[in-house]
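Single-structure report; data block below.
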Amino acid sequence: MLTTIYLIAITAEAMSGALAAGRRSMDIFGVAVIAFVTALGGGTIRDMILGHFPIGWTQHPEYVYLVISAGLLTTLVARYMHHLKTVFLVLDAMGLIAFSLIGCGVALEMGYATPVVIMSGMITGIFGGILRDVLCNQVPVVFRHELYASVSLAVCALYLALHHFAVPEQINIAASFAAGLTLRLLAIWRGWRLPTFSYRERWE
Amino acid sequence: MLTTIYLIAITAEAMSGALAAGRRSMDIFGVAVIAFVTALGGGTIRDMILGHFPIGWTQHPEYVYLVISAGLLTTLVARYMHHLKTVFLVLDAMGLIAFSLIGCGVALEMGYATPVVIMSGMITGIFGGILRDVLCNQVPVVFRHELYASVSLAVCALYLALHHFAVPEQINIAASFAAGLTLRLLAIWRGWRLPTFSYRERWE
Amino acid sequence: MLTTIYLIAITAEAMSGALAAGRRSMDIFGVAVIAFVTALGGGTIRDMILGHFPIGWTQHPEYVYLVISAGLLTTLVARYMHHLKTVFLVLDAMGLIAFSLIGCGVALEMGYATPVVIMSGMITGIFGGILRDVLCNQVPVVFRHELYASVSLAVCALYLALHHFAVPEQINIAASFAAGLTLRLLAIWRGWRLPTFSYRERWE
């Protein structure tokens with residue numbers, strides 16, 4: 001099940017990357033690169049940090065084809081995408097949560113300590129979007145919008161807690177996924193966001 | 001032969017990095033860092049992604065000295081460099097193609113699948129310039145100008161095709177190099193570029 | 001001793017990251033991420049480049065807790081921090097130098113060549129700040145302000161020279177640390193900076 005959701009997730013992330021590239025008027029090659037980085041960059045950074053070689057997508061060329069195709073296809077259908085806003089937000093939320101759970105799983109299998117497992121999940125969940133924003137020369141939106149990174153944190157924490165109490169893996173994943181998706185969609189719907197820290201002085 | 005071209009390539013890339021740093025009025029230390037990252041950053045990221053340790057330049061300190069010297073020297077000769085515009089563009093094109101071929105070779109030797117080999121070549125070819133632009137706080141030019149990243153793709157694909165048909169390595173490299181250089185110079189001369197994707201809506 | 005200074009250093013770097021995040025009005029999650037990246041990002045990049053797995057902080061969850069706490073605490077005390085300007089600058093200088101010495105030590109132990117050891121020290125010293133600035137969408141300040149990266153270079157070079165002449169490790173570290181701190185504080189006090197390279201032409 002997680003694999004199916006993962007494929008949906010990288011597709012949605014690739015589309016989000018392509019739209020960001022379009023906002024910078026990149027050529028279609030740039031669109032493909034940003035789509036790739038948004039979809040697979042989080043997992044790549046996780047694997048590089050954990051020393052988890054070979055890196056995921058290098059063993060699954062089909063993922064590379066999928067995200068590049070999704071990115072290029074987006075350039076054709078972009079003008080109709082605002083009709084699909086809700087669908088897109090749900091897919092993106094599913095992607096965030098699937099990425100987070102997969103990231104936790106990788107670090108858990110490698111025997112890392114609990115805080116590293118949580119950070120592995122969060123890196124997988126949010127760093128694709130951070131790389132996308134850095135390459136598009138803007139401050140990462142995940143640090144400023146509705147609950148997003150914190151949903152990733154909550155999902156990872158819940159998953160680990162259930163794992164600790166020996167809840168069967170399948171049930172754990174289903175429960176964490178459902179809870180995370182609910183939280184993210186509620187956050188979008190109600191506009192929940194974290195307190196902001198604004199600092200204006202420049203004395204350094 | 002590829003080694004000689006590689007040395008020319010990293011020198012040209014280091015100079016391009018130094019000019020970019022100069023456009024941001026960096027100090028000479030910043031110039032050295034950007035020169036280094038532009039020249040050797042693509043290969044570094046490739047090695048980090050492929051798990052190819054130790055990373056190239058750590059075994060060749062002379063490359064480090066070369067690119068830093070080239071970067072610093074550029075600050076002295078920059079005012080005359082527009083006279084050398086054509087030379088510089090040709091060197092830069094040679095660099096792009098040499099990097100791409102070297103990147104393919106590394107992944108091929110490590111036994112990665114074809115799409116990964118191509119991506120390894122492209123990462124080596126274009127990520128130095130992407131890192132340069134990110135550190136100089138601008139949208140990477142490789143995503144917006146004349147055919148550049150796509151020349152890298154074409155070179156990698158040609159090289160792999162000839163490799164597949166067991167063309168001797170030396171002939172393969174020479175042919176791929178010549179074809180790539182021709183394509184890149186034609187693209188500059190004729191202003192060939194890929195179609196652009198512009199997207200203005202902000203509904204996300 | 002270096003461990004104590006290291007803890008002070010990552011705390012100071014985390015606070016500097018939090019202030020930068022505040023200048024971009026990030027939410028408290030963004031503050032935590034930027035604090036983490038500023039404090040531990042330099043060492044992470046060093047370990048990824050040297051192939052030094054597992055990466056430092058993954059084996060020391062307490063560092064993760066420390067830097068995130070320091071980042072969040074900064075949001076509460078930020079309004080009073082300009083009173084502590086001098087303290088903060090000294091802590092930051094101590095951090096720069098402690099990071100540089102630790103980075104040299106890691107590469108030395110792994111048997112890398114001298115220029116790589118120096119670069120390892122500098123990457124550890126300055127890349128946290130570079131990542132902070134990239135994520136906050138600004139040109140890295142280390143390339144433009146008073147002597148900073150060059151202090152790191154000087155400290156690494158001195159440490160290696162003393163190491164070469166078989167000066168006992170403890171004395172070496174103390175001497176390098178004192179010399180580096182003096183140089184950095186003098187540079188701030190007197191406004192020493194490197195010559196700048198400004199380049200305006202756009203002929204590429």
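The sequence lines fix the lettering, A, B, ..., with proteins before strands; numbering per chain opens at 1.
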Relative to chain C, which segment of [X] carries a heavy atom at a distance below 4.5 Å: side chain, backbone, both, or neither?
{"X": "B/Ile34", "result": "side chain"}
{"X": "B/Thr44", "result": "side chain"}
{"X": "B/Ala32", "result": "neither"}

Quiz item: Can C/Tyr112 and B/Gln59 be said to form a side chain to side chain contact (heavy atoms under 4.5 Å, CB included), step by step?
Solution: CA-CA 8 Å; C/Tyr112 279 104; B/Gln59 308 304 300; 3.7 Å; yes
Exercise. Among the options C/Pro195, C/Ala107, C/Ser150, pick out the one with the most heavy-atom pairs lying under 4.5 Å from chain B.
Key: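 Looking at each of C/Pro195, C/Ala107, C/Ser150 in turn, C/Pro195 comes out on top.
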Practice problem: Side chain from CB out, backbone as N, CA, C, O: work out which of these in C/Val134 comes under 4.5 Å of a heavy atom of chain B, or both, or neither. | Solution: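 For C/Val134, side-chain heavy atoms alone lie under 4.5 Å from chain B.
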Self-check item: C/Met110 portion near chain B, given a 4.5 angstrom heavy-atom threshold
Solution: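 Neither the backbone nor the side chain of C/Met110 comes within 4.5 Å of chain B.
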Which atom of [X] lies closest to which atom of [Y], heavy atoms considered:
{"X": "C/Leu50", "Y": "B/Phe53", "answer": "C-CD2, 4.4 Å"}
{"X": "C/Phe197", "Y": "B/Ala18", "answer": "CE2-O, 3.2 Å"}
{"X": "B/Ile55", "Y": "C/Ile49", "answer": "CD1-O, 3.2 Å"}

Self-check item: C/Val139 and B/Cys136, any side-chain heavy atoms less than 4.5 Å apart
Solution: no
Quiz item: Do the side chains of B/Thr58 and C/Met119 get nearer than 4.5 Å, heavy atoms only?
Solution: no
Around atom [atom1] of [X], are there more than 12 heavy atoms of other residues, nucleotides or ligands at under 6.0 Å?
{"X": "C/Glu169", "atom1": "CD", "answer": "yes"}
{"X": "C/His52", "atom1": "NE2", "answer": "yes"}
{"X": "C/Glu62", "atom1": "CD", "answer": "yes"}

Exercise. Working to the nearest 0.5 Å, report the span between OG1 of C/Thr196 and CG of B/Asp27.
Key: 6.0 Å
Quiz item: Roughly how far, to the nearest 0.5 Å, is CD of C/Gln138 from CG of B/Asn137?
Solution: 8.0 Å
Quiz item: Judged by modelled atom types alone, do B/Ser25 and C/Ser198 share a side-chain donor-acceptor pair under 3.5 Å?
Solution: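 There is such a pair between these side chains.
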Self-check item: Residue, of B/Asp92, B/Leu135, B/Val64, that accumulates the most heavy atom pairs under 4.5 Å with chain C
Solution: B/Leu135
Quiz item: Going through the checks in order, is the side chain to side chain contact (heavy atoms under 4.5 Å, CB included) test met by C/Leu153 and B/Phe29?
Solution: CA-CA 10 Å; C/Leu153 172 60; B/Phe29 205 98; 3.9 Å; yes
